Each structure stands twice: as structure tokens, then as C-alpha cells.
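Keep in mind that what you see is a predicted model, and the values were worked out from it rather than measured.
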Amino acid sequence: DVTLFVYFRCTQHCIMKILLLLFTVFLLSATISRVATGSWNVVLAGNIGMCAMLFLTAFGHFYYPKGMEMMMPGFIPFKKELVFITGIIELLAGIGLLFPQYRYLTGILLIIFFIMILPANIHAAVNHIDFQKATTDGSGVSYLWFRLPMQVLLIAWVWFFSIRRW
């Protein structure tokens, strides 16, 4: 639904909305688990939350491909294809987190993925890329004050809920 993407306009406010989605889905999933089974299944809830966040961010790759292309440094070839591939990777990773037999490997690959996309986020901030409008009038380097801690949180979240042995 296009309305969903309009609501989740990505500036610094988008980061807060993405994190709100992550934590809300986590809390709802944990609560539903508690009511349904009598125990708090925080591991599953954490992975459902990350899955929801990944699905939201993945759809941005298909809805804003031109702006996403602009986020990548000039030396990277096949930008359009990479935008779609990374969107598919996010969708597959979200699904992989839901299955215990794939969760550990998915978690490791997702952390590697989060580290690998960080240069594109830095490049976009330094060059004031607004990926939704595909322009260079974005918020700039101040965006990194929000994005970098969020990236660390996402990596820690995946490690805690997907890789860490319970």
C-alpha cells in the first residue's frame, strides 16, 4: 500500500518509526506468545520484529529504486540491479529469521549485510541524498547521528535474538 510508504517517509523521523515498528511488533509478539502458550517467547518475538522491519525496508528498494541507486558510491556497478537484489535479500532474511533451523545462519549473514550497506548510508548522508525523492537535498551528515546508532542496534538485535545461544 502506497499510503504505508508515505507514512514512513525516511528522514530522521523514519528511523524512529522503523524502530517503533521493530519494538511494537516485538512487544505484541511476546505478549501474544505469553497469552497463547503461558510463556514469553522473546526469541521468536525478536525475530518476528526484525522480520517486520526488514519487510518494510525491503519494500523501499522497490518503491524508491532511483533514490536507492543514488545512495551507492559511483564506483559500484549495476546499481539498479543491486537495489533490487538487496531488497530481495532483506525479504529472504526476514523469512529466514522465522525458522529456527535457518535463524543462526541468517543472523550471521544479516549482520554481514548490515555492515556491508553502511558505506552506502554514509555516502548518501555525505552527499545529502534523499532516496525517496531521488534528489540531493537530504538531511546530510546529521542523519548519521541517527543512522549509525540504529545500525549498531540492528546488529546487536540480530546477534541477541538470532545468533546468541539461549
Side-chain angles (χ1 to χ4, degrees), residues 1-29 44-73 76 78-99 102-103 105-135 138-140 142-163:
D1 184 353
V2 174
T3 320
L4 179 66
F5 293 107
V6 171
Y7 177 73
F8 281 92
R9 304 287 312 191
C10 274
T11 60
Q12 285 102 349
H13 301 287
C14 181
I15 290 174
M16 295 305 150
K17 291 174 184 175
I18 288 172
L19 293 177
L20 180 63
L21 174 71
L22 177 66
F23 284 103
T24 301
V25 171
F26 167 73
L27 291 172
L28 284 172
S29 299
L44 179 60
N47 285 291
I48 291 172
M50 181 57 67
C51 176
M53 191 227 55
L54 287 168
F55 268 57
L56 177 67
T57 57
F59 286 116
H61 290 245
F62 306 104
Y63 194 71
Y64 303 111
K66 183 63 180 159
M68 291 278 189
E69 286 179 53
M70 292 173 66
M71 291 178 68
M72 292 185 231
I76 296 178
F78 309 109
K79 288 179 180 53
K80 185 176 186 177
E81 292 81 2
L82 281 173
V83 167
F84 293 125
I85 290 169
T86 54
I88 291 168
I89 287 171
E90 289 181 359
L91 292 170
L92 293 174
I95 293 168
L97 292 174
L98 300 179
F99 296 94
Y102 302 117
R103 191 172 290 149
L105 177 60
T106 301
I108 290 171
L109 294 173
L110 195 51
I111 287 174
I112 292 168
F113 176 77
F114 284 153
I115 292 168
M116 289 180 67
I117 63 170
L118 192 55
N121 287 296
I122 293 169
H123 177 266
V126 169
N127 292 287
H128 297 265
I129 305 297
D130 181 331
F131 76 88
Q132 290 181 325
K133 294 188 274 181
T135 63
S139 58
S142 64
Y143 170 72
L144 293 176
W145 288 106
F146 296 92
R147 180 61 192 194
L148 294 177
M150 181 180 125
Q151 203 76 1
V152 170
L153 172 70
L154 296 178
I155 290 168
W157 186 284
V158 170
W159 176 84
F160 188 80
F161 291 111
S162 304
I163 297 174

Start with the C-alpha gap between M53 and V25, add the side-chain angles, then the distance that decides, and say whether side chain to side chain contact (heavy atoms under 4.5 Å, CB included) holds. CA-CA 9 Å; M53 191 227 55; V25 171; over 6 Å; no
Let me confirm one number: the CE-OG1 distance from M68 to T86, rounded to the nearest 0.5 Å. 7.0 Å
Taking the inter-plane angle between the rings of Y102 and F99 on a 0 to 90° scale, is it parallel (under 30°), tilted (30 to 60°) or perpendicular (over 60°)? perpendicular
One should read off an interatomic distance between M50 CE and F161 CZ, to the nearest 0.5 angstrom, of 9.0 Å
Less than 6.0 angstrom separating the ring centers of F114 and W159, yes or no? no
Note: M72 and H123 closest approach over all heavy atoms is O-CE1, 3.5 Å
Give the C-alpha distance, both sets of side-chain angles, the deciding distance and a yes or no for side chain to side chain contact (heavy atoms under 4.5 Å, CB included) between I111 and I115. CA-CA 6 Å; I111 287 174; I115 292 168; 4.0 Å; yes
Flag the pair L56 / K17 as yes when at least one side-chain heavy-atom distance between them is below 4.5 Å, and no otherwise. no
First locate atom CG of L110, then atom CG of L54, and finally report the distance between them rounded to the nearest 0.5 Å. 5.5 Å
Taking the side chain as C-beta and beyond, is there a heavy-atom pair between F26 and I48 under 4.5 Å? no
Which value, rounded to the nearest 0.5 Å, describes the distance between I88 atom CD1 and L92 atom CG? 7.0 Å
Could you pull out the closest heavy-atom pair between D130 and K133, with the gap in Å? OD2-CE, 2.8 Å
The residue among L97, T106, L109 that forms side chain to side chain contact (heavy atoms under 4.5 Å, CB included) with S162 is L97
Minimum heavy-atom separation for A134 to K66, with atom names? CB-CG, 3.8 Å
Would a 4.5 Å heavy-atom cut-off, applied to side chains only, mark I117 and Q151 as touching? yes
Between CE of M71 and CG of L82, what distance do you get to the nearest 0.5 Å? 13.0 Å
Do the non-hydrogen side-chain atoms of I108 and I112 ever get within less than 4.5 Å of each other? yes
For the pair V152 and L148, evaluate side chain to side chain contact (heavy atoms under 4.5 Å, CB included) and give the outcome as yes or no after the intermediate values. CA-CA 6 Å; V152 170; L148 294 177; 5.8 Å; no
Do M150 and L154 have side chains that approach each other closer than 4.5 Å (heavy atoms only, starting at C-beta)? yes
Atom of I76, atom of K79 and distance for their closest heavy-atom approach: O-NZ, 2.6 Å
Once you round to the nearest 0.5 Å, how far does SG of C51 lie from CG of L22? 11.0 Å
Do the rings of F62 and F84 sit parallel, tilted or perpendicular, given the 30° and 60° boundaries? parallel
